[in-house]
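Below is one structure, written out as structure tokens; the observations come after it.
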Amino acid sequence: QVQLVESGGGLVQTGGSLRLSCAASGRTFSTYTMGWFRQAPGKEREFVAAIMRYGGRRYYADSVKGRFTISRDNAKNTLYLQMNSLKPEDTAVYYCGATPLDYCSSSGCYSDWGQGTQVTVSS
């Protein structure tokens, strides 16, 4: 399995930016499609963005399209999520996940997860 550790969360005001990182262990990181999900208290975990293995196609939830950018650096075994124009609705714990599938936007497809990093956007 892949060990994942998220970082970069914090408290920002509306309109601010954050860059989340997900550090992965293992020598086969580039062969995994990677995804970002988020979960607010009392809510279900929801899809945010995904990037296919080897850094190809990228996908975004409609709620973040145009504001968030997912990327990966396979040489560093690291996944990123650049978040701009943040809104209070973006407040949640953000998780990164790994899947051997080419693409999946469902949390059930991802077997390996990090512990999450808290993002709080104040108004």
Side-chain angles (χ1 to χ4, degrees):
Q1 62 181 19
V2 181
Q3 301 292 325
L4 304 172
V5 180
E6 301 94 338
S7 63
L11 174 64
V12 298
Q13 61 184 8
T14 298
S17 298
L18 284 174
R19 192 190 196 196
L20 306 184
S21 297
C22 174
S25 64
R27 302 172 65 177
T28 59
F29 170 75
S30 62
T31 69
Y32 287 87
T33 288
M34 301 295 297
W36 284 101
F37 290 75
R38 65 189 183 186
Q39 187 168 22
K43 305 293 184 180
E44 296 183 351
R45 188 170 298 188
E46 66 174 1
F47 171 77
V48 176
I51 183 168
M52 290 183 63
R53 58 194 177 97
Y54 303 113
R57 191 172 301 168
R58 295 180 289 189
Y59 300 88
Y60 299 93
D62 289 339
S63 60
V64 306
K65 190 173 299 182
R67 299 188 297 122
F68 291 9
T69 302
I70 188 171
S71 62
R72 66 193 297 165
D73 187 335
N74 292 329
K76 297 181 178 180
N77 278 16
T78 303
L79 174 74
Y80 302 99
L81 184 67
Q82 178 66 48
M83 305 185 295
N84 299 327
S85 302
L86 284 163
K87 307 174 181 179
E89 306 93 274
D90 297 317
T91 296
V93 176
Y94 283 70
Y95 300 89
C96 64
T99 175
L101 301 177
D102 288 340
Y103 169 74
C104 185
S105 60
S106 300
S107 61
C109 298
Y110 296 78
S111 296
D112 300 306
W113 297 94
Q115 292 298 115
T117 184
Q118 177 70 49
V119 172
T120 302
V121 185
S122 64
S123 58

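The first residue in the sequence is number 1, and the count goes up from there.
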- Task: Identify, with sequence neighbours excluded, every residue that meets side-chain hydrogen bond (donor to acceptor under 3.5 Å, both in side chains) alongside E46.
- Result: R38
- Note on the structure: Minimal heavy-atom distance between P88 and S123, with the atoms involved, is CG-CB, 3.8 Å
- So disulfide bond (SG atoms under 2.5 Å apart) across residues 36-94, not counting sequence neighbours, yields none
- Task: Over all heavy atoms of both residues, which pair between Y95 and Q115 is shortest? Give the atoms and the distance, please.
- Result: CE2-O, 3.4 Å
- Query: Between R72 (side chain) and T33 (backbone), is there a donor-acceptor pair under 3.5 Å?
  - Reply: no
- Those residues at least two apart in sequence (or on a different chain) that pass side-chain hydrogen bond (donor to acceptor under 3.5 Å, both in side chains) with T120 are Q118
- Separation between NZ (K65) and CZ (R58), nearest 0.5 Å, reads 12.5 Å
- side-chain hydrogen bond (donor to acceptor under 3.5 Å, both in side chains) against E89, all qualifying residues, sequence neighbours excluded: none
- Task: Keeping to residues at least two apart or across chains, list the disulfide bond (SG atoms under 2.5 Å apart) pairs with something in residues 40-102.
- Result: C22-C96
- Could you tell me whether a side-chain N or O of S85 sits under 3.5 Å from a main-chain N or O of R67, the two making a donor and an acceptor? no
- How close do T117 and G9 get, heavy atom to heavy atom, and via which atoms? OG1-N, 3.1 Å
- Note on the structure: Taken in chain and number order and not counting sequence neighbours, the residues that satisfy side-chain hydrogen bond (donor to acceptor under 3.5 Å, both in side chains) with D73 are none
- Given a cutoff of under 4.5 Å between side-chain heavy atoms of I, L, V, M, F, W and Y, with clusters grown through shared members, what are the other residues clustered with M83? V2, L4, V12, L18, L20, F29, Y32, M34, W36, V48, I51, Y60, V64, F68, I70, L79, L81, L86, Y94, V119, V121
- Between atom OG of S63 and atom CZ of F47, what is the distance when rounded to the nearest 0.5 Å? 9.5 Å
- Minimum-distance pair of heavy atoms, taken over all atoms of T78 and S21: CG2-CB, 4.3 Å
- Task: Not counting sequence neighbours, list each pair that qualifies as a side chain to side chain donor-acceptor pair (under 3.5 Å) and has a residue in residues 9-20.
- Result: S17-N84
- Query: Linking Ile, Leu, Val, Met, Phe, Trp and Tyr by side-chain heavy atoms under 4.5 Å, what else ends up with Y80?
  - Reply: none
- Is D90 salt-bridged to K87, cutoff N-O under 4.0 Å? no
- Item | Residues that R57 engages under salt bridge (Lys or Arg N to Asp or Glu O under 4.0 Å), provided they are two or more places apart | none
- Taking only residues two or more places apart in sequence, or in another chain, which ones meet Y54 in a ring pair (Phe, Tyr, Trp, His ring centres under 6.0 Å)? none
- Message: Considering only residues two or more places apart or on different chains, which pairs with a residue in residues 99-111 satisfy side chain to side chain donor-acceptor pair (under 3.5 Å)?
- Response: R53-D102
